[in-house]
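Single-structure report; data block below.
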Amino acid sequence: MTSPDVLVRVATARGVTTLTLDSPHNRNALSTGLMTQLLAGLGDAVADETVRAIVLDHTGPVFCSGADLKETAAAYASGTVPAAMLADVLAAIWDCPKPVLARVGGPARAGGLGLIAAADLAVCADEATFAFTEVRIGVIPAVISATVLPRLNPRAAAELYLTGDTFDGRRAAEIGLVTASVPADGLDDAVRRYCDSLVRGAPGALAGAKELLRRPGTAELRGDLARLSALSTGHFLSDEGREGIMAFREKRPAAWVPAPDGGSGHQAVAPPSTG
């Protein structure tokens, strides 16, 4: 029996474990396999007493493209979607007793922004781009809101959630999504400097400091994630969600996008139930 593909590579040096998303063929999409391996890597790093900090890194030009829409479309028959597992991943990063730093060298979309926001620190390249694209495929950024909204300026959150527009690394730093944005050739140095500082902290004190930082919302985060996961699944399974994902995969406008001549141009799609 062959071994499963390695989608998350693990390396530890000088007290820092680096978990590298290594699924460039689908832009490091959040497939069930990748999320399973990421959870395992986080668990091992927490259990290793020599590890003081964790870095989330990536291969390929894209940090993370969000949900694996090919896997999602294939899962519709089962009545569930892989995105539901994202809640476990975000909770594991958020609750991790060791500092987690995201190194973002390229674009991040949708669920990938949830990973970045869940990390304690995040450094991106100025050229990296970001977008909450969910509304454009008929779903909503529900699960990631548990980690994203505590970071973002409310006006920026409203603009970016509702428009799905793309923004760059500098703006990501301005609105609180990332800690710092630096030129691409300085990204590794910036990450190294943060790691050098983190490993100087006492393990117990670092864990205690994280508890202080999380105290206002930690007790409710997992319950909030469970509720948001159910909300997200409902939208993925709705008529809009199915149509949006199919349109994205077929590289065509979704049914709700007005035709260029100003007419409806497409078959109407029923809105999701909110009952």
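The first residue of the sequence shown is numbered 1, and numbering continues consecutively from there.
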What residues form a side-chain contact (heavy atoms from CB on, under 4.5 Å) with P203, not counting sequence neighbours? R52
Under the salt bridge (charged side-chain N to carboxylate O under 4.0 Å, His left out) rule, what do R192 and D189 come out as? Steps first, then yes or no, please. CA-CA 5 Å; R192 191 176 301 112; D189 285 342; 2.6 Å; yes
Are S31 and L7 side-chain neighbours, meaning at least one heavy-atom pair lies under 4.5 Å? yes
All pairs passing ring pair (Phe, Tyr, Trp, His ring centres under 6.0 Å) where residues 172-214 contributes a residue, at least two apart: none
Can you check whether A45's main-chain N or O pairs, donor with acceptor, with T17's side chain at less than 3.5 Å? no
T36: side-chain contact (heavy atoms from CB on, under 4.5 Å) partners, not counting sequence neighbours: T32, M85
Would you compute the distance between atom CG of L187 and atom CZ of R103 and round it to the nearest 0.5 angstrom? 4.5 Å
Is a side-chain donor or acceptor of D57 paired with a backbone partner of L19 at a separation under 3.5 angstrom? no
Applied to residues 146-186, the ring pair (Phe, Tyr, Trp, His ring centres under 6.0 Å) test, sequence neighbours excluded, yields F130-F167, F132-Y161
Any side-chain heavy atom of L160 sitting closer than 4.5 Å to one from I175? yes
Could you name each residue pair satisfying side-chain hydrogen bond (donor to acceptor under 3.5 Å, both in side chains) that touches residues 130-144, not counting sequence neighbours? R136-D165
For the pair N28 (side chain) and S23 (backbone), establish whether a donor and an acceptor sit closer than 3.5 Å, ignoring hydrogens and angles. yes
Show every ring pair (Phe, Tyr, Trp, His ring centres under 6.0 Å) that has at least one partner inside residues 30-49, sequence neighbours left out. none
Spacing of E211 atom CD and D95 atom CG [to the nearest 0.5 Å]: 10.0 Å
V135 meets the side-chain contact (heavy atoms from CB on, under 4.5 Å) criterion, sequence neighbours left out, with none
Tell me every residue that passes side-chain contact (heavy atoms from CB on, under 4.5 Å) with E250, counting only those two or more places apart in sequence or in another chain. M246, R252
Return each pair, listed once, that meets ring pair (Phe, Tyr, Trp, His ring centres under 6.0 Å) where at least one residue sits in residues 100-128; pairs must be two or more places apart or across chains. none
Under a 4.5 Å side-chain heavy-atom rule over Ile, Leu, Val, Met, Phe, Trp and Tyr, are W94 and L198 clustered together? no
With rounding to the nearest 0.5 Å, note down the distance linking CZ in R170 to CG in D126. 4.0 Å
Report all side-chain donor-acceptor pairs from residues 104-125 shorter than 3.5 Å, counting only partners two or more places apart or in another chain.
unit_1, atom_1, unit_2, atom_2, d
R109, NH1, T129, O, 3.0
R109, NH1, T129, OG1, 3.3
R109, NH2, T129, OG1, 3.1
D120, OD1, K210, NZ, 3.3
D120, OD1, R214, NH2, 2.7
D120, OD2, V100, N, 2.8
D120, OD2, K210, NZ, 2.8

Could you tell me which residues satisfy salt bridge (Lys or Arg N to Asp or Glu O under 4.0 Å) with R193, sequence neighbours excluded, listed by chain and number? none
According to salt bridge (Lys or Arg N to Asp or Glu O under 4.0 Å), who are the partners of E159, at least two apart in sequence or on a separate chain? R171
Is a side-chain N or O of T59 found less than 3.5 angstrom from the main chain of L21, in a donor-acceptor match? yes
When rounded to the nearest 0.5 angstrom, what is the spacing between OG1 in T147 and CZ in R151? 7.5 Å
Hydrophobic clustering (ILVMFWY, side-chain heavy atoms < 4.5 Å, transitive) - are L56 and V62 grouped together? no
